[in-house]
Structure formats: C-alpha cells, structure tokens
A.B. asks: 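For reference, the structure I am asking about is given below.
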Amino acid sequence: MVAYWIFALVSLLMVLAALVAVTNRNLVRATMGLVLVLFGNAVLFVLLEAYFLAVAQVIIYIGAIAILIVFAIMLTRHVGDAWGPAFHRAWAWAVVVAGGLAVGLLFWIAHWPAADGKAKSPVDPQYTKLLGKALVAPDGYVIPFEVASALLLAALIGAIYVAWGGRRVKGPYPQRSEEKEA
Amino acid sequence: MIPLGAYLMVSAALFVIGAFGALARKSAVAILIGLELMFNAALLNAVAFWRYLHPQGFDGTVFAIVILAVAAAEVAVGLALFIAVYRRFGTAEADEIALLRG
Amino acid sequence: MGAFLRDPSVLVEALRTLFLGWGLSPGLTTLLLYVLGGLVLATGPMLWVIFLIWFERKAVARFQDRLGPNRVGKFGLLQPFADVLKLLTKEDIIPAGVDPILYWAAPILSVAGVLLLWPAVPLGLGIGGNINVGVLYLIAAGTVGTFAIFLAGWSSNNKYALLGAMRTVAQLVSYEVPMVLILLIPVLLARSMNMQDIVRAQDVWFIVYVPLAALIFLIVSIAEIGRTPFDLLEAESEIIAGFHTEYSGMKFAMFFAGEFLHAFTIGILTAVFFLGGWRGPGAETYPVLGILYLWLKGFLVYFVVVWMRATHPRIRIDHLLNFSWKFLTPLALVLLVVAALLDKVVVDLGTWPRALAHLVSHGVVLAVTLQIVRAWARRLPRPVVSEPRPVARPQPQPQPTGTGD
Amino acid sequence: MTNELLLWLLPLPPLLAFALIVLFLNKSNKASHTVAILSVVLSWLGSMVLFLRALGIGAEALAEHPMHDSLVWLPGKTSLLRIGVYLDPLTAVTLFFVAWTIVMIFVYSVGYHNYGQPKGDHDEKGYPPHGATVEEHGHKHKVPSIEPMYARFFAFVSLFAFGMYLLVVSDNLLTLFAGWEIMGLCSFLLIGFWFKKESARAAAIKAFMTTRVGDVFMLLGIAYLYVATGSLAYTDVFNPEVLHQLAHSPAPVLGMSVAGFIGLLLFIGTVGKSAQWPLHVWLPDAMEGPTPVSAMIHAATMVSAGVYLIIRVFPLLHAAAEVPEFLSPMPIIAFIGAFTALFAATIAVAQNDIKRVLAYSTISQLGYMVAAVGIGAYVAAAFHLVTHAFFKALLFLGSGSVIHGMEHGVLHTGERIDPQNMYNMGGLRRKMPITFWTFLIGGFALAGFPVVTAGFWSKDEILGEAFAGHHMGVFWTLAVAALLTAFYTMRQITLTFLGEPRTEAAKHAHETPWTMTVPLMVLSVFAVGYGWVGVPKYFPVLGGLLPHWFQEWVGAVFHLYVKEEQAVSHSLVPLLVSILVSLGGLALGYVVYRGVTRADQPDPLARPLGPIFTLLKNKYYFDELYAFLFVRPAYWLAEVFTFRWLDRTVIDGILHAVARLSWNLGQFLRNYIDLPLINGFGDALGEGAKGFGRLFRAIQSGRVQHYMLVALAHVVAFLMLVYYYATMS
C-alpha cells in the first residue's frame, strides 16, 4: 500500500518536474527539473528492487551528468540567462508529433496484454553480486561491458578534443562562401 | 504490486515530454535535457521489463547499464560540441545554427 | 536493560508492539518506525553539532594561544546556544533577484546531504546502516552536497557567490575521483560494499594494511568538505564568503551546521573504513558499546581535522586542482591496482601476513612516489621572487686618461 | 598455453603492432619494422605450435573434434551470436602457409623499401622513392632511397596480416567476413600506397569497388544463411541435418535450393576476392602497389581467402549438388573456374610487364582451384591453394627482387626505361644468381615441372580428379591452360634471366640484400618440398613410397558430408597430359624467346606479317612451325580474340555503344527538345524550377530539430502502421 502511494507521488512529481525541465526558460531551473526526474527515477528503481541501478543512477546521472550540464551552462556566458522565448517558432509541430507519440504509446500500452502483469518471481537477494560476476564473465556480458567502456573512453577523448580547440569567430555567423563572393 | 503498465505509463510520459523538449526548445542544452529525459524513460522501461518479465536474467540490467554509459558518453560529447559551437558562433540556440541550410 | 545492551533491536520490537497495541496497521507501523529512526538519526548528530562548534572554537583558540568562548556557561559551553539564539533573531534578508525556490532549497539540501550519509554508517553490531551497496550509496549521497552548494551560489544572484560555487563544484568533482578510487580499497579488502561487512572484516584495522590509502582518504575528505587548507570556496580575501555570501540568519546557520557535521561525519567514515569502526573490546557482546567506540574514533579524526585547520594556510586554486588530478588520482589508481593484484595473491595467508604484505607494498609505493616527486621537483624552474629589473645603468664613463693631477 | 587460448591470441600481435606503429612508433623506421616483424613472428610461432599440435592430434581426431572455443558476442533471446576460434585440418594447413608467407613478406619488405639507404633527394610522401645521390670515393652517384612512408607501410601490412589471421581462425562466417573486409580495406590502402600517382589511386579504387560487388553478394549470402539457420558458426551450419534441410528447401529464385543459392551468393564473394571472371579486372591493376603488397594480395592472403571461403563452405555446395531436383551451383563454379583459368592464361602470354604476367597467372591459377572445387575436388583445390601460395609468393617476391635490381641499374645508368618491362632485362642470371635460381624454382613450380616441383603435384591432382570425374570439358580446358602457363612462365624466365643484357641498366643490375634473398630461398624450399606431402596414391613408383598425407589430412575435414568416392581406377592419361603440357610449354617458351636480344625488338609472336620474311632467313624454322601451330593461335586467341575482340570489341563495344547512344540521345534531346523548350518556355521553366527549389529548400533547413521532428514523425507514423497491421492480422 505504501509502495502505491510512493509510486503515485513520485511519478506525479517526475512528470511535473519533466514538464518544468522542458518548458522553463531558465536553463538552470530546467536542469533542476531534470535532476528531480532523475532522482525520481532512482526511487522507482528502488521500488523495482534494482538497488544497484538506483545508486548508479544517482551517481552517474545526478553526480556526473547533471553537474556537467550545469557546468556547461556556466561556462558559456549569457546562455544561462533567461531571455527570449523558450521554444522556437515551429514548436506547434513538436506538440503535434509528441502528442501523436503519446497517443500511440498510451494506446499501445493500454492494449498490451502483459501491461498489467505481476512480476514472475522475486529478485535474488544476491542479485547484485551475480550481476557483477556476469558483467565480467567471458561467457556473460564482458563484451558489451568492454564495448561500453571503450565507448566512454572514446567519448571522453572526443569531448576533450572537441571542446579544446576552436576560437570564437567574430560576429554571429561565419560567412558562407557564396555570400562572400556576392 | 504495482502493475507493469503503470511504470510503462510513467516512462511513456517522460519519453513524450522529453521528445517534445528535444524538438521544441531553442537552446542546445535544453535539447540535451530533453534527450536525457528520453534516455531515462528508456532506462525505466528496461528496468521495469527486467523486474516483471525476467528478474532472474541479466539482460535488462546490463541493458540499463549500457544505456547509462551511452547517456554519459552522449552528454560528454554533446556538451563538448555545445561549448565548441558556442565558441564558434557565440550562441547556443539550435535553431540559429543552420550552416547546412539548403 | 541488559537485554538492550546485548541486542538493541529489542527496543524497536518493543516500540512495534506498542504501536500495534494502539491499533495501527502493520504497514503503517513499519513506516512510523522508519520515520522515527530517521528522526533519531537526524536529530542526534544535529545536537552533537552544537558541542562540535564549541569544541572547535575552543580547540582552535588553544592552538592560537587564545582562550576561546568562556563567558556563557561553564567553559563557555553554552556559547553555541547563544549563537543560535542570535542567529534566529536576526533579520531574514533575502537579496533582490534571487531564485526563490532554489535559494531556499540550498541550505536544506546542504544539511540533508550530510544527514543522508548517516543511514549507511554502521553504528554497532546490528545497529545502523546495513545497505548492500553502502559505499556506492555514500558516493551517491555525496553528490547532494555538491548540488546544495552550487544552487546556493547560483540562486544568490551574486558574482562572488557564483564564483565560489563554480570553484566548489570544480573542487568537489575533482576530489571525488580519488575519493571513489580510494574507497574501493577497503571494499576490495573486505570483499563487500556493505559497510557493516567492511567493519566486520577489520580484525586488523585497515589503516595497518593500507596507511597511505587512509591518509589520502583523509586529505580528499577534507577537500570534499572544503576545510582548510582546501577552503577556497569561502576564501574571504578573494570572493568574500563564497557561495553563502548572500545567506544570513538561520539559513547561514544551516550551512554552518552542515559543514561542522560534515567534518565530523568524515571522521566517522574514516573510522569506519580504516579504524575498525565500532570494533573494540566487548563491542560484539554489547553492541551499544560499539557506538561509543565509533564516536571516540570519529572524534579523534575530527580533532586531526581541526588541528589541520588551525595550522595550515590555504592553497592556491591551480595547486588544488593539480594536486587532485596529477598527484592524488594517479596515486590512488596505483594503490588500487597494487592492492587488487597483491590481495589476489595473499588473501589466503591469514590476517597478519596479509596485512604485512599490504603494508610493505605501501612502503614501496611511497618510496617510488617520493622518488618521482623528487625528480620532478628538481626539474621545476626555481621560482624567481623578483626579476632583476632593467634600470638606467650608468653609461660606461671614458676612462680618465691620467691628465689629472 | 591451451590450444584455444593460443588460437585466440594468434591474430592479436599484428593488430597490436598496427596500433603501436600508428600511435607511437611512426617516427622511427627501425622501431616500426622491428615491431611489425616481431608481431608476425609471434603469430608465426603460434601458428607453428598449433600446426605441430594439430599434427600430434591427427587428422581424423582433429576433424571430429576441432579446436574450438567461442564467446558471446551479442546476447539475444533465442540464439547467441558468438565469436570464436576454430581449428580443423583445413585451418591448420591454411595457417601454415599464411604464417610462412606473411613472415617472409615482412622480412622482404625491409629490403624492398630500401631500409638503411639514405633519404631521397626529392622524395615525397605518396610517390615511390626516386633515389638519392651519395658521394663515394669523390664522385657522386645515385643509389636507391628509402621509402618515405616506411612506417606507414608496415602499419598497413600488419593490419592486413591481422585481417588474414582473423579470417583463418574464425569459427563463423561473420568474423570471417570482418577479416575479409579488413583485408579489403588494407588492399585498398596498399594498392593506393603511392597515392599521388594517378594510376595507383585509380587502381586502388578499382580494386575496392570491384571486390565490393562480390562482397555485397557475399553479405547477402551470409544474411540469408543466418535467416535460414539462425547461426553462422561452422559447427552449427555444417551440421548434416541442417545441411539436409537447407538442401531440400527451395530458394525463391533460379530454381535452386536454399543451400545452393546461399552457396552461389558466397561464391560471388569468392569471385570478387579471388579475381575470377568477370570480376578479375582489378587484380592486374593492383600491381600499382609495392611488390610485397602484390605478393601479399596475390599469393598469400587476400585472393587465397576467396578460395579458402569456398572450400570452407564446400559442405553447403556439396549438399546442394546432391539433390537432383534443384539446380546445382557446382557446374557454374566449375565453368567460371575453368574459363578463368584459360582466359587469364591467354592474356598472360601477351604481357611484357613482369608483374603483370604474374598477376594474370595468379588469376589463372585461382581459376584452377575454383574449377577444382566446382568438380568436387576440394582436397585438390586446397592442395593447389597451399602450393600456389608458396610458389606465387616466391615468384612475386622474385619479380620484386628483379625490379629492385633493375631499378638499381636504372639509377646507376640514368637510362629512362621501364624497370618492369621484361624486354629491358635479359641475362640477369649472372647479376642476380640467387634471385634467378629461386625464380626458376618458382617458375617451374608454376609451370608444373614434373615430379620435383610442388606445382606439378597439385595441378596434376586437379587434372586427375577432373579426368576421373569425367568432367572432360574442364579437363581439357585446364590442360590447355596448363600448357599456356608453362609457356608464359618460360617466356618470362627466358626474357628476364637468360640470354644477354639488353640494356645498360640490366648490365648494372645488382643482387638484392639478404633481407630480400633469404625469404626467396625459404619460400623456394616450400615451392619444391610442399608437393611431396601430397603425392597421389596411384602415381607410379612414388605413390607407394611417399606419404599421401595432404589428401588424408584435408580429406578428413569433410568426411562427414562427402561420401568417400569408391576408388576410381585412375588412368595415366591425365598424368601424361600434365607432364606433356608442362614440359611442352616450358620448352616452347624457351625456344620461342631465347632469340630476343634487343630491348626494342618486337615480340617474336607479335611479328606482323611483313617481317615473316626476315624471320625465314633465320634458321629457326622450328620456331615458326610452333609459332604457326600453337603460339600464333594462342597469341591470336589472347591478343585478337580475347583482348581485342572479346574485351575491346564486344565488352568495350557495348559500353561505347551505350555511351554513344546516350550521347546521341542527349544531343537529340538538346537540339530538338531542350533548346526549343528553352527558347519557348525557358523563363517559365526556370522560374518554375526556382519556385520548386524554394519550396523544397525549406526541407533542408539545416536545423537539427527540424530533422529530428521529421524523423520522429515518421517513426510515429510507422509504428502506428506496424501496430495496426500487427493487431489487425
């Protein structure tokens, strides 16, 4: 019973926070909305008995990703300031497409027979340990795991490389070549 | 126990909101935030499916871990691009950056 | 009473029967007990902070050859209460242009971030934290504090606050890396992330196994809480008071209390990871005794922290970051790898040989590190305090050609 | 180390060497080649250990229980896509020759790229080295200079070796394909190694594109196989039950069974990689790369990979051929192989470039192997694959040595001649004795010189199998091709080494350094010796004395699938024919070309009608007889029929006709439709086009979100559609 209430509360909070995250003009506040959603997600993970993932979610998303976003906002002057509209001109189209997506998804979930299913079996209390072993077992998931780490390394190096160089060009746009000639 | 569909609904809501954010926001960072919401929805889905359909296996969890890694990589590269773009153009509004305009 | 000393959980059971007797449902009772436990766990440390503040003021005063608070109450013991009273009655100033929600949320989060660490701490055998992924939880909870500081700085609408917040975030993020790496060493030695297991594995304190790791953990922890010599987040000579420049009254007090509590928590964590936690003579039989031991050990470390605060100057920001990325992180990595490889070999040797092997490995690592640092330091250009400035040198005078006298 | 672990490790050293050279060592030539050679020596060592261990296990046991180990690659719901390593007798012999040739080629490359020579005067990256001026004893002269992209070469070639090892040890078609593609990439990089040469660039692109055609079909075959069986591992797919099922279910096209169709698709991959007609065009052009590359591609690795693949999937082909209701792919394979063998041999006769002759000869020899597979003689094909790898590597490296020697002479004399043209050589046997003798051995092996050379045994076996299986068309085609092979080989040897030097450069040619000659000597040992492990049983006298190892060894692999044919009474006809054509061809070649004495002399075969008179004065009426009886028709076939008529007139004609047609069409359109239209409605049309452009320009807004929006909208629509159909049906 308590779990129901927690779930209902947290998911409501998450949806509201998500709305804040996508609508608030102020980027830092939007990020805070995101953080709330991420945190709510961690709570849902706990409800789903995925404790390891819940903690990993907090560490990686809140501890790393959200901080990174905030940092990027801070590093770029004026970006964090709230001015101008939050959406571009064609935002109505986005509403249409997202709405279509929502209708489709809800329809799908509502008509899916397994959607109101109960869990088949309880989670092994030793699950985290087994997961750790499966992640590095040669016959388990070591290759996806290593690929993920290689991806992270590549992303790290790439990010450093991309963010390192490049000087700011005077004026808002670089001139396009044809315009220069004209 | 909470039905699986409830988690899927939450996840769908997050996904749609995230998609809307990614599609409609002006700022590149806000787009990234939208993408993160979508990632989270996928993550929630993966974990919920794992818990309800196959709790003894590792596929769902490993999938979630991979999503986490991909999200981290995506944000790192995305923000690096964002900073590079900001340096180059002096703005980070996605709809103003249209070098490939036909 | 005796039963309570042997097994503190009888208290919980007694409460449970009491609540059930009132006619509450079992689920609600459990929830109530959780809330109650949380309250106790939150209130206890917060009250303890009051003593800590007095202690620190007193201790620092002694270090600086002063007397410290001595007017209010015996030895000035009631001074913190007076302070709190003063802060409570101050005018609650909210600067213009702040972001109201975040501005208010920041101090709360700051305290919550510290209190969140406590549920994972094993206070005694069977008392306190018993989280399966406890160490990971600690790291996760630590991020909340980072956010609090950042939010405080950003929402204050003040340049200095923002600068302080930026510094803080950079510092905290940097020092989190060696912290996580170092925390993995006790985890590795105990083969568990559960802090209760870590304590239980310390038949010999881990500080004997891995003294360097303990030292690094202490240093990194001090940086994490932003105390001297790493207190750049509130370097008053540069950025006034850093992130809490715009905070006053009770909100400021919360930051203040949070910081002190965090310092003490660091002491507790060091004790848990490296000083055997609640272990001590008789702690297995009377788990309540364990709390006392843990408190003592934590307090000892806290004293060291205070001591450092009183004796070290503040270091420069670039040195701070370099120290983390270029020294602590590689060293922590090396220690982790060495510990992992070595432990694989010596794990079956019995407690003392294993401890000795680790100790020797740390000796070797220390020697090599010092050698490397020495070699590196020799190649540094000597700092030139003042360049010889070009001055109007007297023109070489034509030599007197002996026409005089 | 366990066998499986060793197998896993086998491809890694070259990859590591590649990474090391690319990332760290590329500044140092010495470190680069040391690491590269060390890596392939390590792989070689592993291969030899594995080979010896495999020998210890024995053919039957190894074929029953191959060394096999695999890891999960992608966990899926029903089937696990696994990667793994696999060693059965076929892999073992392939590993053997791959390891040896690769090591030899690596060592050889050090010498070929002039390690230890000074830097060139005006060498630049992307051009072959032009030579350097050094001062010695007071006067200046030119010597070869070191390759400017020395380290890069070793990096590429290491990656290439990695690809080959990966291909050989993989236990499934997917990793095999990965290795296959890595080699494709490397061959592109290496053929275009001197990328500032227009011709090298063109050749690289040509090679890449042509093999791509085959690869696409091969990938289709792999995909089809996966769909049909749910696995790509050899152990799963070549299961008799699976094969039986595949062979008995019809494929949607061509009236083939699924097995046959997949086999055919995979075979098209082989056609591309092994340069079979009609995808052979890239291989001769691939000579633009450095010679070790030619050896690598044309002998040891890449082209062998195609034949290896088709031998590997032989059970599939065989199963398809067994079922009479469906069209069998085997005759197609046999036809293409035999046709290629003859076709390429005829072209080879008319070439003057020393490497080009070898290139066509390679195509022809690969045709032999393919034809052998096509008639079901996979053991013979494998045998010829191995022997050919050895002697063709030897020949290529030998030709490289010759060219190198000639370049030395060219630099010394400053003549402006082509160092690769055989007419500019002559008499090199005295200047380059080691190269000469090893080249002779390789050439004789290629020509199938009876009894002593490896080429004889393998070629003889193919001919014997063709004869025994009553594939008379294949038999005679291959016999004629063998004759031509012997002929052009001898032509090459005669023009290059025999006689007197025909240019100053040839007089000043030099023997090459030990790094180049030692590999030649090692390979020549194999070019002779490897034949002796596979002497057929029925061979008079020797058949009883010498082991019949190879046939038993490789034969054991497909024992399960291929019923051992009852002992056909082997006739001596194919044996006699093969001896005859080889000796005849060799004699012919020598006799025809020993008279070439000047560099500008026309080819004795190409002499137009006029100079016949002058020739008549010559005392070699014998020559003329041969020329008239065999050589001229052969030449005619090569030059006029195949080259001029088939290639130039028919194939090119069609192309030109198409081109002309489209050009004419274009003219017509322009003159009668376009121009009037423009005159009439030009402005309106232009405006209309502009309007349309403006309209559609909005699509390409350059905005990420716009694209995302459109993409997501499509996804949503598509999902709805899918859902609709999924629920309605």
Side-chain angles (χ1 to χ4, degrees), chain A residues 3-4 7 11 14-15 18-19 21-22 27 30-31 34 37-38 41 44-45 48-50 53 56 60 64-65 68-69 72-73 75-76 79 86-88 91 94 97-98 101-102 105-106 109 115-119 121 123 131 134 141 144 148 151-152 155-156 158-159 162-163 166 168-169 172, chain B residues 1-10 12-14 16-21 23-27 29-30 32-34 36-37 40 43-44 47-48 51-53 55-56 58 61-62 64-66 68-73 75-77 79-84 86-92 95:
Chain A
Y4 277 101
F7 176 80
S11 36
M14 277 170 79
V15 171
L19 285 175
V22 298
L27 279 178
T31 311
L34 176 68
V37 174
L38 300 171
N41 222 2
L44 291 191
F45 285 175
L48 286 167
E49 295 172 65
L53 278 177
I60 295 173
I65 293 181
L68 207 60
I69 292 179
I73 296 171
L75 280 180
T76 46
V79 172
F87 305 117
H88 57 73
W91 65 275
V97 170
L101 192 64
L105 282 176
L106 292 184
I109 294 169
D116 54 354
K118 303 274 181 265
S121 51
V123 179
L131 174 68
Y141 298 84
L151 169 80
L152 272 178
L156 196 70
V162 169
R168 187 174 162 179
V169 176
Chain B
M1 199 165 175
I2 303 154
L4 174 56
Y7 285 103
L8 299 188
M9 289 281 183
V10 175
L14 289 184
V16 169
I17 295 172
F20 168 74
L23 291 178
R25 294 294 296 253
K26 270 170 89 86
S27 163
V29 174
L32 265 183
I33 290 175
E36 284 309 314
L37 285 177
N40 256 277
L43 199 56
L44 183 56
V47 177
R51 179 68 190 90
Y52 281 82
L53 301 182
Q56 301 305 330
F58 299 103
T61 329
V62 172
I65 291 173
V66 172
L68 274 174
V70 170
V75 161
V77 175
L79 288 177
L81 279 176
F82 163 72
I83 288 176
Y86 179 81
R87 282 211 198 116
R88 182 142 166 68
F89 296 99
T91 179
D95 63 337

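Just so you know, these numbers use all the heavy atoms, side chains as well, and skip hydrogens, waters and symmetry mates. Small disclaimer: the values here were computed from a predicted structure and weren't measured. All chains are named by letter (A, B, ...) in the order of the sequence lines, taking the proteins before the strands, and each is independently numbered beginning at 1.
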A.B. asks: Against chain A, work out which of B:I65, B:I83, B:V10, B:L81 has the most heavy-atom pairs shorter than 4.5 Å and name it.
C.D. replies: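 Highest number of pairs under 4.5 Å: B:V10.
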A.B. asks: Within the structure provided, determine whether A:V15 and B:M9 are in side-chain contact (heavy-atom separation under 4.5 Å).
C.D. replies: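 No - every pair of side-chain heavy atoms lies 4.5 Å or more apart.
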A.B. asks: Where is the tightest heavy-atom contact between A:A98 and B:V16, given as atom of each residue plus distance?
C.D. replies: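 The pair with the smallest heavy-atom distance is O-CG1, 3.4 Å.
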A.B. asks: For B:A13, is it the side chain, the backbone, both, or neither that has a heavy atom closer than 4.5 Å to a heavy atom of chain A?
C.D. replies: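 Just the side chain, heavy atoms under 4.5 Å.
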A.B. asks: As an exercise: rank B:N40, B:V47, B:L79 by heavy-atom pairs under 4.5 Å with chain A and give me the winner.
C.D. replies: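 Going by pairs under 4.5 Å, I would pick B:N40.
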A.B. asks: Would you mind checking which part of A:I69 comes under 4.5 Å of any heavy atom in chain B, side chain (CB onward), backbone (N, CA, C, O), both or neither?
C.D. replies: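 Interface part for A:I69: both.
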A.B. asks: Rounded to the nearest 0.5 Å, how far does CG of A:L68 lie from CZ of B:F82?
C.D. replies: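 It comes to 11.0 Å.
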A.B. asks: Test side-chain contact (heavy atoms from CB on, under 4.5 Å) on A:T31 and B:E36 and set out the steps.
C.D. replies: CA-CA 10 Å; A:T31 311; B:E36 284 309 314; over 6 Å; no
A.B. asks: Need one label for A:L131: side chain, backbone, both or neither, based on atoms under 4.5 Å from any heavy atom in chain B.
C.D. replies: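 A:L131 touches chain B through backbone and side-chain heavy atoms alike.
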A.B. asks: Determine the minimum heavy-atom distance between B:A76 and A:A159, stating which atoms define it.
C.D. replies: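 Scanning both residues completely, I find the closest heavy atoms to be O-CB, 3.6 Å.
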A.B. asks: Where the side chain of B:R25 meets the backbone of A:V22, is there a donor-acceptor pair that is under 3.5 Å apart?
C.D. replies: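 A pair under 3.5 Å: yes.
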A.B. asks: Apply the test side-chain contact (heavy atoms from CB on, under 4.5 Å) to residues B:Y52 and A:L48: give CA-CA distance (whole Å), side-chain angles for both, the deciding distance (0.1 Å), then the verdict.
C.D. replies: CA-CA 9 Å; B:Y52 281 82; A:L48 286 167; 3.6 Å; yes
A.B. asks: Would you give the length of the straight line joining atom CD1 of B:I33 to atom CD1 of A:I65, rounded to the nearest 0.5 angstrom?
C.D. replies: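 Output value for this atom pair is 12.0 Å.
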A.B. asks: If I compare all heavy atoms of B:L68 with all of A:A56, which pair ends up nearest, and what's the gap?
C.D. replies: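 Scanning both residues completely, I find the closest heavy atoms to be CD1-CB, 4.1 Å.
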A.B. asks: What is the minimum heavy-atom distance between A:L27 and B:S27, and which atoms define it?
C.D. replies: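 Result for this residue pair: CD1-OG, 3.5 Å.
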A.B. asks: Which one, A:A94, A:A30, A:A21, A:A50, leads in non-hydrogen pairs under 4.5 Å with chain B?
C.D. replies: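 Top count of heavy-atom pairs under 4.5 Å with chain B: A:A94.
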A.B. asks: Show, in sequence, the C-alpha distance, side-chain angles and deciding distance for B:L44 and A:F45, and conclude whether the side-chain contact (heavy atoms from CB on, under 4.5 Å) test is met.
C.D. replies: CA-CA 8 Å; B:L44 183 56; A:F45 285 175; 3.9 Å; yes
A.B. asks: Given the options B:I17, B:L32, B:V77, which has more heavy-atom pairs under 4.5 Å with chain A than any of the others?
C.D. replies: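 That would be B:I17.
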A.B. asks: Does any backbone or side-chain atom of A:A64 lie under 4.5 Å from a heavy atom of chain B? Answer side chain, backbone, both or neither.
C.D. replies: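 Interface part for A:A64: neither.
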A.B. asks: When heavy-atom pairs shorter than 4.5 Å are enumerated against chain A, which of B:L43, B:L53, B:L14 gives the highest number?
C.D. replies: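 If we count pairs closer than 4.5 Å to chain A, B:L43 comes out on top.
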